[in-house]
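Report on the structure given below.
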Number of protein chains: 2
Amino acid sequence: MVLSRIILGLLAIAPMTGYDLKRHFDSTVGHFWSADRAQIYRTLARLVADGHAEVEKVPGERAPDRQEHRITAAGRAALAEWLAGEPERHVERDPFLARVFFGDGLDDDGLRSLLARRREEVRARLERFEGMRSEAAAPDRAARLRLATLDNGLAHLRTELAWLDEVEEEFA
Amino acid sequence: MVLSRIILGLLAIAPMTGYDLKRHFDSTVGHFWSADRAQIYRTLARLVADGHAEVEKVPGERAPDRQEHRITAAGRAALAEWLAGEPERHVERDPFLARVFFGDGLDDDGLRSLLARRREEVRARLERFEGMRSEAAAPDRAARLRLATLDNGLAHLRTELAWLDEVEEEFA
DNA sequence: TCACTCATGTAAGATGTTACATGATTCG
DNA sequence: CGAATCATGTAACATCTTACATGAGTGA
């Protein structure tokens with residue numbers, strides 16, 4: 001459900017192919033949702049079957065044909081309905097914290113290496129997000145809301161680094 | 001995989017029934033993983049089939065019989081192997097941020113209500129975690145590591161509240 | 001008497017991951 | 001010449017969610 005509504009939301013910005021959508025999941029919306037190709041193509045097919053999107057075959061000039069998906073009026077209605085409806089509750093599932101929770105089964109070296117990896121991942125992600133942040137413009141409400149979600153990601157990454165500082169000091 | 005290892009980790013602390021495990025997922029490990037009964041019973045059956053756990057039927061005195069699951073030596077080995085192995089990468093999936101991202105499709109009231117609900121959820125969760133924190137003792141390494149994961153949850157909840165302050169000010 | 005806790009599970013469907021499969025163009 | 005990018009999808013499997021189904025004991 002959420003995935004299909006995110007795709008509708010992106011199609012509402014501009015018509016796109018599955019491939020284009022994949023790029024969005026790897027960049028603009030990657031800080032709060034991810035999806036791989038199999039999911040995207042499956043969901044696009046369902047959106048078309050449900051009348052929420054239409055496909056137009058655009059012949060590729062120097063590449064394969066593009067299956068451009070365009071949101072329909074029914075699709076816009078479904079998107080608006082979802083937005084105004086009951087929010088889904090978010091369940092946390094973080095394998096890294098699971099490892100720390102049972103981390104007594106690791107020796108000091110193992111634990112240090114686990115924390116170091118996490119730090120590196122978070123650092124790289126933070127760097128990427130900061131790059132996105134500096135490129136972003138936010139003139140209107142829509143863009144400012146999108147930017148706010150990026151700031152949410154940035155804030156949590158900085159919190160994670162601060163937490164890692166503390167934990168590494170305690171268990172170093 | 002992660003779920004089965006978390007269950008093994010809990011069984012390594014003490015033998016338990018599926019029902020006991022459910023209580024852990026709703027409390028002690030709920031800040032980094034969740035699971036419902038269907039998942040738990042299914043996974044327990046697989047652990048037994050794989051020789052990672054054994055069942056003992058304990059007649060209930062004033063309740064149904066308990067199917068106590070106990071970790072085996074092979075189970076302990078599997079847990080240790082997972083702990084030392086390649087960490088899975090964590091993908092964020094937050095429906096709330098998705099709604100904010102496309103939040104221009106909501107009017108000011110709709111947006112305010114979305115943010116207010118989130119605040120209330122986060123506040124309640126924070127209160128619960130603070131309660132857990134104050135009850136916790138951390139004399140040894142194992143307990144201190146478990147507590148560190150709770151502190152991670154607390155830090156992120158506080159960050160989320162601070163972010164909500166900013167966003168509500170901007171879009172109030 | 002009614003709601004809650006303890007305790008077990010099954011079935012069906014939705015969602016997510018991994019591997020398989022193809023083929024042209026562009027850039028170093 | 002080889003790697004990356006553009007672009008499509010399928011198949012099989014794993015995981016997660018929701019609804020169905022049962023029944024005794026406890027406390028207000």
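We name chains A, B, ... by the order of the sequence lines, and we start the count at 1 in each one. Keep in mind the model is a prediction, meaning the values are calculated, not measured.
- Under the 3.5 Å distance criterion, the side-chain polar atoms of D94(B) are matched with a main-chain donor or acceptor of F96(B).
- A close approach under 4.0 Å does occur between a side-chain nitrogen or oxygen of Y41(B) and OP1 or OP2 of dT8(C).
- Residue V91(A) is found outside any hydrophobic cluster, as its side-chain heavy atoms come under 4.5 Å of no other Ile, Leu, Val, Met, Phe, Trp or Tyr.
- Between R66(A) atom CZ and dT25(C) atom C1' there is a gap of 15 Å when expressed in whole angstrom units.
- At whole-Å resolution of the value, NZ in K22(A) and C1' in dG16(C) are 12 Å apart.
- Summarising the geometry, the separation between CZ on R23(A) and P on dT5(D) is reported as 11 Å, rounded to the nearest angstrom.
- Members clustered with Y41(A): Y19(A), by chain and number, using a 4.5 Å side-chain heavy-atom cutoff among hydrophobic residues.
- Summary of helix geometry: the two end axes of the helix from dT1(C)-dA28(D) to dG28(C)-dC1(D), each defined by five base pairs via their C1' atoms, are inclined to each other by 50° (rounded to 10°).
- Atoms CE (M16(A)) and P (dC6(D)) sit 15 Å apart, rounded to a whole Å.
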Counting primed atoms, P, OP1 and OP2 as sugar-phosphate and everything else as base, the B/S/- map of nucleotides 12-20 of chain D against protein heavy atoms under 4.0 Å is ---SBBB--
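- Clustering ILVMFWY residues whenever any of their side-chain heavy atoms sit less than 4.5 angstrom apart, transitively, puts I6(A) in a cluster other than the one holding L150(A).
- A donor-acceptor pair under 3.5 Å is formed between the side chain of T72(B) and the backbone N or O of H52(B).
- Screening residues 15-29 of chain B for salt bridge (charged side-chain N to carboxylate O under 4.0 Å, His left out), with sequence neighbours left out, gives D20(B)-R23(B), D20(B)-R66(B), K22(B)-D26(B).
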Can you list the steps and then say if E168(B) with W163(B) is a side-chain hydrogen bond (donor to acceptor under 3.5 Å, both in side chains)? CA-CA 9 Å; E168(B) 284 184 335; W163(B) 176 83; over 6 Å; no
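- A sub-4.0 Å separation between OP1 or OP2 of dC6(D) and a side-chain N or O of T17(A) is absent.
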N/O contacts under 3.5 Å, protein versus nucleotides 3-5 of chain C?
none

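- The side chain to side chain contact (heavy atoms under 4.5 Å, CB included) test with I71(B) is passed by exactly one of L10(B), I7(B), L11(B), L47(B): L11(B).
- Nucleotide dG9(C) holds its P atom 13 Å from the CG atom of D20(B), rounded to whole Å.
- One interatomic measurement links the two molecules: CD1 of I40(A) to C1' of dT17(C), which rounds to 13 Å at whole-angstrom precision.
- The closest donor-acceptor contact from the side chain of H69(A) to the backbone of Q67(A) lies under 3.5 Å.
- Once rounded to the nearest 0.5 Å, the distance linking CZ of R118(B) with CZ of R123(B) reads 14.5 Å.
- Using a 4.5 Å heavy-atom threshold, the side chains of N152(A) and F32(A) count as separate.
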